[in-house]
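All remarks here apply to the structure that follows.
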Amino acid sequence: MKIAILGATGFVGRAVLQQAIEEGYDVKVLVRNPAKLAISSDKIKVIQGSLEDKEKVEETLAGCSAVVNAAGGVKGSDQYEAFIKITGILVNAMKRVGIKKLVSINGTGTILPNEYVGFKRRFLSTIVGIFLKHMKDAKKAEMRILLKQTDIDWVSVRANLILKKPATGKVVADDQKMPGGKITLPDLAKFMLDQIDNDQWIHKAPFVAIA
Ligand SMILES: NC(=O)c1ccc[n+]([C@@H]2O[C@H](COP(=O)([O-])OP(=O)(O)OC[C@H]3O[C@@H](n4cnc5c(N)ncnc54)[C@H](OP(=O)(O)O)[C@@H]3O)[C@@H](O)[C@H]2O)c1
């Protein structure tokens, strides 16, 4: 199966790309700087460009069965506006090329409308907003667009602290409350890829953690 991975040069995206290659996927990536890719393989087709370029996004998605979006806000500009645009381009490109499934990374900074949020989560969201404003703004914008999408099977995977440690194979997910505060990179990458063929979390934003 061929999939598109966005944000493949990032902390999360590199792990998703690595896991996808280990699982035997053919992958198309859209990256601004191919030199930042951590691995090379004849199973990876690299397209150079920005997520804000709709022609490049459509070229990347063409021929793929699903999109795994590991892109996140970067420092230095208005990431809320950037990701309103980026997510709009992405969902429109998915509709044009006929891809239904989108698995996207998100964080504990993101609170859904009408979601119950206890003290601990509100505190975490506030901290993320102070120290990682670019990340929180980008994913808040993305979520705003995704929540309006009924004809795309999106899943927004929320992680808190991501550890650069080996996989545990013990991942728990819950869309009502945080089941834990930490997850390893390879566990997160595997969970995201598992959602390509799993319909349990469609139109939801589950928190993931290691048990
Ligand atoms: N890092 C964590 O500890 C953590 C914890 C919990 C949740 N999360 C979630 O994971 C998300 C990603 O985090 P991360 O640490 O992987 O971020 P990161 O290392 O900064 O990676 C962001 C990725 O998005 C890409 N990107 C951003 N704007 C782009 C554009 N216009 N065109 C093309 N590519 C673009 C970046 O490309 P370039 O390489 O070209 O900049 C990079 O590949 C966060 O936003 C957050 O929601 C992260």
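The structure displayed is predicted, hence computed values, not measured ones. Every number for a ligand or one of its atoms is a count from 1 in the order of the listing. Only this structure's heavy atoms are used, side chains among them; waters, hydrogens and symmetry mates stay out.
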(request) Would you mind running through ligand 1 and noting each atom that sits below 4.0 Å from a heavy atom of V12? (result) 10 (O), 16 (O)
(request) Considering heavy atoms of the protein only, find what lies nearest to atom 21 (O) of ligand 1 and give residue, atom and distance to 0.1 Å. (result) G10 CA, 3.3 Å
(message) Looking only at protein heavy atoms, which one is nearest to atom 43 (O) of ligand 1, and what is the separation?
(response) T9 OG1, 2.7 Å
(request) Return the minimal non-hydrogen interatomic distance between C64 and A4, and the atom names on each side. (result) SG-N, 3.6 Å
(request) For N33 and Q48, run side-chain hydrogen bond (donor to acceptor under 3.5 Å, both in side chains): C-alpha distance rounded to whole Å, both residues' side-chain angles, the deciding distance at 0.1 Å, then the answer. (result) CA-CA 7 Å; N33 180 1; Q48 185 166 11; 5.5 Å; no
(request) Check Q79 against V74 and note the closest heavy-atom contact, atom names and distance. (result) OE1-N, 2.9 Å
(request) Provide the number and element of each atom of ligand 1 under 4.0 Å from a heavy atom of G107. (result) 7 (C), 47 (O)
(message) Has D26 got a side-chain atom pairing as donor or acceptor with K2's backbone, closer than 3.5 angstrom?
(response) no
For a quick test of your reading: what N or O donor-acceptor pairs under 3.5 Å do the side chains of residues 122-132 make, sequence neighbours left out?
residue : atom : partner : partner atom : Å
S125    : OG   : G109    : O            : 2.7
S125    : OG   : K136    : NZ           : 3.0
T126    : OG1  : R122    : O            : 2.8

(message) Would K139 count as being in polar contact with ligand 1, using the rule that some N or O on each side must be under 3.5 angstrom apart?
(response) no
(message) As a test of understanding, state which of L102, L146, V67 forms a side-chain contact (heavy atoms from CB on, under 4.5 Å) with I152.
(response) L102
(request) Decide if atom NZ of K101 counts as having more than 12 heavy atoms of other residues, nucleotides or ligands within a radius under 6.0 Å. (result) yes
(message) Looking only at protein heavy atoms, which one is nearest to atom 32 (N) of ligand 1, and what is the separation?
(response) L51 N, 2.9 Å
(message) My understanding is that we take every heavy atom of each candidate and find the minimum distance to atom 10 (O) of ligand 1. Doing that for I105, L30, V57, V16, which one comes out nearest?
(response) I105
(request) Considering only NZ, NE, NH1 and NH2 on the basic side and carboxylate oxygens on the acidic side, decide whether D137 and K140 come within less than 4.0 Å. (result) no
(request) Please report which non-hydrogen protein atom sits nearest to atom 17 (O) of ligand 1, along with the residue it belongs to and the distance in Å to one decimal place. (result) M135 CE, 4.3 Å
(request) Please work out whether any backbone atom (N, CA, C, O) or any side-chain heavy atom from C-beta onward of K36 is under 4.0 Å from ligand 1, and answer side chain, backbone, both or neither. (result) side chain
(message) Side chain, backbone, both or neither: which applies to A70 and ligand 1 if a contact is any heavy-atom pair less than 4.0 Å apart?
(response) backbone
(request) Tell me which protein heavy atom sits closest to atom 19 (O) of ligand 1, plus the residue, atom name and distance to 0.1 Å. (result) F11 N, 2.9 Å
(request) Look at atom 8 (N) of ligand 1 and say which protein heavy atom is nearest, naming residue and atom and giving the distance to 0.1 Å. (result) I162 CD1, 3.9 Å
(request) Between A71, G72, G7, flag the one that comes closest to atom 27 (C) of ligand 1 by a heavy atom. (result) G72
(message) Is the contact between I86 and ligand 1 made by the side chain, the backbone, both, or neither, using heavy atoms and a 4.0 Å cut-off?
(response) side chain
(request) Provide, to 0.1 Å, the distance between atom 5 (C) of ligand 1 and the closest protein heavy atom, together with that atom's residue and name. (result) N160 O, 3.0 Å
(message) Can you tell me if K28 has over 12 outside heavy atoms packed within less than 6.0 Å of its NZ?
(response) yes
(message) Under a 4.0 Å threshold between the charged nitrogen and the carboxylate oxygen, would E115 count as salt-bridged to R158?
(response) yes
(message) So for ligand 1, is G49 a polar contact partner (N or O within less than 3.5 Å, distance only)?
(response) no
(request) Measure the distance from atom 41 (O) of ligand 1 to every protein heavy atom, then report the residue, atom name and distance (to 0.1 Å) of the closest one. (result) R32 NH2, 2.9 Å
(message) Only heavy atoms of A159, strictly under 4.0 Å: list the atoms of ligand 1 that pass.
(response) 6 (C), 7 (C)
(message) I'd like to know whether I111 forms a side-chain contact (heavy atoms from CB on, under 4.5 Å) with R121, so could you lay out the CA-CA distance, the side-chain angles of the two residues, the decisive distance to 0.1 Å, and finally the verdict.
(response) CA-CA 9 Å; I111 295 173; R121 279 227 28 243; 3.5 Å; yes
Hey, can you pull the donor-acceptor pairs under 3.5 Å for the side chains in residues 88-95, sequence neighbours left out?
residue : atom : partner : partner atom : Å
N92     : ND2  : G88     : O            : 3.2
K95     : NZ   : Q149    : OE1          : 2.8

(message) With a heavy-atom distance limit of 4.0 Å, tell me whether V74 approaches ligand 1 through its side chain, its backbone, both, or neither.
(response) side chain
